[in-house]
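First listed ligand is number 1; within each ligand, the first listed atom is number 1. Along the sequence shown, residues are numbered consecutively beginning with 1.
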Amino acid sequence: MEKREQLYEGKAKKVYKTDDPELYIVSYKDDATAFDGQKKGTIVGKGVVNNRMSNYLMRLLEKAGVPTHYVQELNDRETVVKKVSIVPLEVIIRNISAGSFAKRYGVEEGIVFDAPTIEFSYKNDELHDPLINAYHARALKLATAGEIETIKSLAFKVNDTLKAYFLSLGVKLVDFKLEFGRLSDGSIVLADEISPDTCRFWDAETNEKLDKDRFRRDLGGVEDAYREMMKRVLGE
Ligand code: TMP
């Protein structure tokens, strides 16, 4: 499978057409941004970690019954995925308070919730990805009621699967962001990536941060954290 015309370049990935109209190739970059692209940098090796880790997790989720866009890993940075049209919602699940939740509601980080929370942001850079509820999403015709129900139940299933999996690696899955897409037949699949860019991972013993918060908050040891997560997931 070979790359054809580039369709899109995002902050962390490029997407290419292939000779199969139903398949795309994504190519992961080392570029990192935070706070709506205001903070920019490079995390050396990030593209490799995110590509390989995300593919591993997508395969795990497929086995658990979650349909995904994953097709085949081509090399360290490139993967064949099914063509989707992205539902313009960022779906965020939280198990422990952190980040914008702690800030918005004036609570400390690290409170373990009795039950996971879900929230949606409208994926729109000009509007800075505002929080939105399911009714707003329907009013804006971002998704149908049925699609929102499917997305919610898949997102909680992803959480159940990944929370238990990461705990077995000595990692707390604090929160994460998912994106979903529509295949040509209209069915909903998990898309985008699952990586230290899109999840908060805390070491289960020490609570050390093993994710992009090290970059966002200038904590140092960014590359080491990504490498450590790759080692725990892929054993290398
Ligand atoms: P938040 O606490 O800043 O709202 O982030 C919640 C989770 O979503 C966290 O694991 C990081 C992830 N995330 C993204 O993947 N992309 C984003 O643009 C933002 C703001 C958060």
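Within ligand 1, the atoms closer than 4.0 Å to a non-hydrogen atom of D197 are 15 (O), numbered from 1 in the order shown. Short contacts between ligand 1 and F176, defined as distances under 4.0 Å to a heavy atom of the residue, involve ligand atoms 10 (O). Within ligand 1, counting atoms from 1 as listed, the ones closer than 4.0 Å to a heavy atom of G99 are 2 (O).
A distance-only check finds no donor-acceptor pair linking the side chain of D203 to the backbone of V171 [under 3.5 Å]. Remark: side-chain polar atoms of D30 are paired, donor with acceptor, to backbone N or O of G47 under 3.5 angstrom.
With salt bridges taken as basic N to acidic carboxylate O contacts below 4.0 Å, one links D218 and K39. Between R4 and D19 there is a salt bridge, since a side-chain N of the basic residue sits under 4.0 Å from a carboxylate O of the acidic one. Using a cutoff of 4.0 Å between basic side-chain nitrogens and carboxylate oxygens, D211 and R200 are not scored as salt-bridged.
Taking only nitrogen or oxygen atoms, main chain and side chain alike, D129 does not reach within less than 3.5 Å of ligand 1.
Closest to atom 20 (C) of ligand 1 among all protein heavy atoms lies E90 OE1, 4.9 Å. Ranking protein heavy atoms by distance to atom 7 (C) of ligand 1, first place goes to D175 OD1, 3.6 Å. Nearest protein neighbour of atom 4 (O) of ligand 1, counting heavy atoms only, is S100 OG, 2.6 Å.
The closest approach between a heavy atom of D213 and any atom of ligand 1 is not below 4.0 Å. Using 4.0 Å as the threshold, K103 has no heavy atom nearer than that to any atom of ligand 1.
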Legend entry - Working for salt bridge (charged side-chain N to carboxylate O under 4.0 Å, His left out), residues R214 and D224: CA-CA 10 Å; R214 302 205 74 86; D224 284 347; over 6 Å; no
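In this structure, the ring of F113 has its center less than 6.0 angstrom from the ring center of F101.
Contact record, T68 with M58: CB-SD, 3.6 Å, taken as the closest heavy-atom pair. In terms of heavy-atom proximity, K11 sits nearest to G37 at NZ-N, 4.5 Å.
When non-hydrogen atoms are compared, ligand 1 lies under 4.0 Å from neither the backbone nor the side chain of K212. Using a 4.0 Å cut-off between heavy atoms, C199 contacts ligand 1 through its backbone alone, with no side-chain atom that close. Using a 4.0 Å cut-off between heavy atoms, D211 makes no contact with ligand 1 at all.
The heavy atom nearest to atom 5 (O) of ligand 1, considering only R216, E119, K177, R200, is found in R200.
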